[in-house]
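Below is one structure; the comments refer to it alone.
In this chain, residues are counted from 1 in sequence order.
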Amino acid sequence: MTATAPEGPPPEGPREPEKRRRRSVIRLRTLLVWLAVVPTVAMGAQVVVTADRLLQQSAHLRADVADGERVGRPLYELMADLQAERSTTAARWAGSPVPKGELSRRRAATDRGVAAFRRAAASADARADDRVDGYVSAVEKELEGLDAYRERTDARSGSVDRGTGYYSGVIERMLRVFQEFSNMDDATVTQQSRPVVALVEASEVLAREDTLLASAGPAGKLSTARFAELTNAVGAHRFLFGTTVVPYLPENGRQGYARIAASDAWKTKARIEDAVLADHHDIPGGIALPGAVHGWPAMYGKLVPQLSALDAEQLRGVIEAADTTADELETQVFWLVAGSGAGLLLVVAVVVFTTRTVLRRMANLHRRTVTVAQKTLPDIVERLQRGQRIDPDALPERSRDRDEVGRISDAFARAVSVSVEGYRQLADERQGFGMFAAGIASRTGNLVSRQLSLTEDLQDTFGHDEALLAQLMKSDQLTVGMRRQIENLLILAGGEVPDPHTEPMRVADVLREAAAEVEDFRRIERVALDEVSVEPRVISAISHLLAELLDNATRFSPPASRVSIRAELVTDGLSVEIEDRGPRVAPERYEEMNGRLHAAPPYAVLAENAHRLGLFVVGHLADQLGARVTLRRSTYGGTAAIVILPEEHLIRTEERPKGGAEPRVPAPQRPAERKPELLLNARAAAPADPAPADPVPAGAGLPRRRPAEAPEAPTTPGEKSALPPLPERVPQAHLAKQLREQHAPEPADEDTATPEEVADAWADYEQGTETVETELRRDQP
């Protein structure tokens with residue numbers, strides 16, 4: 001009963017597939033969630049970035065508007081005051097009759113503008129890093145030298161160019177502030193502010209022209225350099241107004257400029273400029289201007305308020321446009337956030353609905369798959385193995401859905417259908433091979449039965465020769481073992497070995513019959529009860545089961561050791577314990593062997609364990625009898641096999657029918673009996689070999705040990721005889737019913753099967769076995 005544990009990977013726990021399934025479901029759910037989370041997060045991030053950019057742009061525009069209202073207005077008024085003071089200063093330098101009060105009035109206006117500008121520049125700024133503040137600071141720094149230049153003007157220190165150049169430099173710094181105002185974060189507002197800044201620059205060019213004409217004095221003379229500067233100023237402001245400013249002003253700006261251009265003052269300006277450019281003449285030391293220039297101050301006094309109003313209106317328009325754009329940006333941010341929030345909610349709702357729908361359908365598909373895998377397919381396989389028909393409605397139907405899940409369901413249904421068809425073919429081939437193997441076993445078993453009959457005849461004929469009789473007994477024993485192996489093949493192939501007994505048999509006789517089937521029977525010690533008998537219909541099955549266990553015990557224990565078999569009544573029936581003194585077996589090895597006793601193995605497992613088929617046969621017989629067989633370690637360190645036979649197979653000795661008493665040792669004159677012919681299959685109880693069995697001589701049967709030849713006294717537990725007794729077996733108890741019938745004698749040297757037929761039969765058997773084994777190996781994963 002000792003065997004080597006097969007090598008291989010450790011068995012997978014029952015919870016491992018469930019864990020893998022949960023990980024797969026979690027992984028699918030996670031993928032679906034990530035599939036929704038990633039675009040949602042990306043969309044949210046994009047909304048946040050866009051909203052932040054719009055808010056920053058709106059904040060910058062708000063800051064620009066604040067700077068324009070805080071600094072732009074006083075800065076423009078200061079620039080106009082500086083331009084007027086510059087012209088008055090130039091006229092004073094040139095000797096024009098400028099009242100002292102006029103210059104003082106101009107300077108006072110400028111001082112008020114400087115004070116207002118400095119207050120505005122010192123006020124809190126909305127931006128800590130405002131780029132405009134740098135230019136404003138530069139203007140403030142330049143204004144610090146205003147009093148010094150005024151003193152030089154009053155003292156006539158220096159030159160007129162240096163004095164007026166200071167004013168032009170301060171105004172140039174102011175224009176840089178306006179240019180910086182035009183660089184806003186909104187392209188539309190920036191484009192709208194550029195012509196306004198150019199309008200302010202054009203006004204400054206016109207103011208420089210006024211300063212140059214004022215520096216000509218009462219004589220109307222200019223140096224060549226100043227006249228060139230005047231000519232450039234005239235061309236510059238005309239170019240700016242005609243090309244850079246007017247075409248790009250908004251509609252109200254163009255209309256305002258058109259009104260100014262249609263005024264008398266503008267026309268007078270144009271006439272004076274034309275006269276200066278056309279009627280001037282050279283004089284020693286400079287250029288003499290025409291007399292028309294004397295009308296310039298009056299005209300310029302009328303034109304400046306109009307240009308200043310146009311400049312202020314356009315500057316206010318730019319500030320209002322920036323403020324409106326900031327409002328629009330904030331509105332866009334609001335609608336962007338609201339729309340994005342609604343979109344995100346919609347995406348979340350769609351994702352949740354889609355995820356739950358997919359997971360619900362996948363869960364239904366999983367439940368359907370598990371049901372088919374754990375219940376439907378095993379039931380179908382079991383029915384196919386029993387040779388029953390399969391209801392087509394039991395197979396999974398194809399889904400009506402045409403989406404991905406539906407296609408997966410259809411693929412699974414097709415896979416199940418193909419698998420069931422494969423199982424059906426495999427079951428048909430298994431059944432066919434079983435019938436083929438059972439037929440071979442039945443034919444071979446009949447030949448072995450004839451061999452036993454011939455051996456008994458030889459024993460009867462040459463029984464006086466003790467040496468020959470011993471050899472015949474040994475041959476008989478080997479032939480009986482051969483017959484048991486053939487019966488094993490028939491049992492594993494699904495055939496049936498009918499029981500020849502018609503009357504109950506005592507347990508002691510059943511143990512003796514089982515021991516007689518073992519080659520090394522002399523090592524077996526039997527202890528049994530006489531008051532219990534076994535039902536006739538199960539005698540052969542019980543004897544065969546015990547014989548397999550005894551044969552296993554004698555083969556896997558030391559040759560000099562004893563093997564004991566004991567039978568006693570227990571609560572559940574009859575307990576038969578077989579104990580050997582073989583080598584120690586690991587506990588996990590016992591678990592494997594006990595598992596082999598309770599599972600019907602496929603042919604592939606039988607092929608791999610062809611030298612250890614006894615446990616499979618024992619398990620098969622135990623299943624038929626409803627018995628329990630357990631292997632465990634014995635108290636001697638070997639293996640103990642415990643067989644619990646149900647009470648339904650037992651009969652009390654005092655309850656046996658009258659006239660049904662069996663002698664302990666068969667009498668020599670008892671009629672000859674043979675084991676019935678082996679059947680192919682229990683469902684198709686047809687003889688494996690339709691040819692009639694060869695007749696055997698009367699009185700032939702299994703070896704008979706006569707009392708004179710093999711005396712044996714009844715033994716009691718613990719009592720040993722001087723010499724080991726020979727096994728006692730019921731004569732001809734294993735012959736088929738057909739073989740017990742008398743037939744016409746035939747010559748001893750004739751045989752119904754020729755050697756060629758036997759060779760062909762074995763060749764077919766081997767070829768069929770190889771084919772089935774190949775297909776089984778290919779079907780295994």
Hey, does R176 have a side-chain heavy atom less than 4.5 Å from the side chain of Q179? yes

Quick one: [atom1] on [X] to [atom2] on [Y], what's the gap to the nearest 0.5 Å?
X	Y	atom1	atom2	value
R173	L75	CZ	CG	13.0 Å
T89	R106	OG1	CZ	10.5 Å
L289	H280	CG	NE2	8.5 Å
L303	D210	CG	CG	10.0 Å
E209	K269	CD	NZ	6.5 Å
E204	L240	CD	CG	11.5 Å

Please answer whether the main-chain N or O of [Y] pairs with a side-chain N or O of [X] as donor and acceptor at a distance below 3.5 Å.
X	Y	value
N232	A228	yes
N364	R360	yes
S263	I260	yes
S215	L212	yes
S58	L54	no
R254	L249	yes
Y300	G295	no

Please tell me whether [X] and [Y] have a donor and an acceptor in their side chains that are separated by less than 3.5 angstrom.
X	Y	value
Q332	E328	no
R86	T164	no
R92	T153	no

Whether over 12 other heavy atoms sit under 6.0 Å from [X] [atom1]:
X	atom1	value
Q255	CD	yes
R156	CZ	yes
R107	CZ	yes

Tested for side-chain contact (heavy atoms from CB on, under 4.5 Å) against S308, the lone hit among V304, L310, D311 is V304

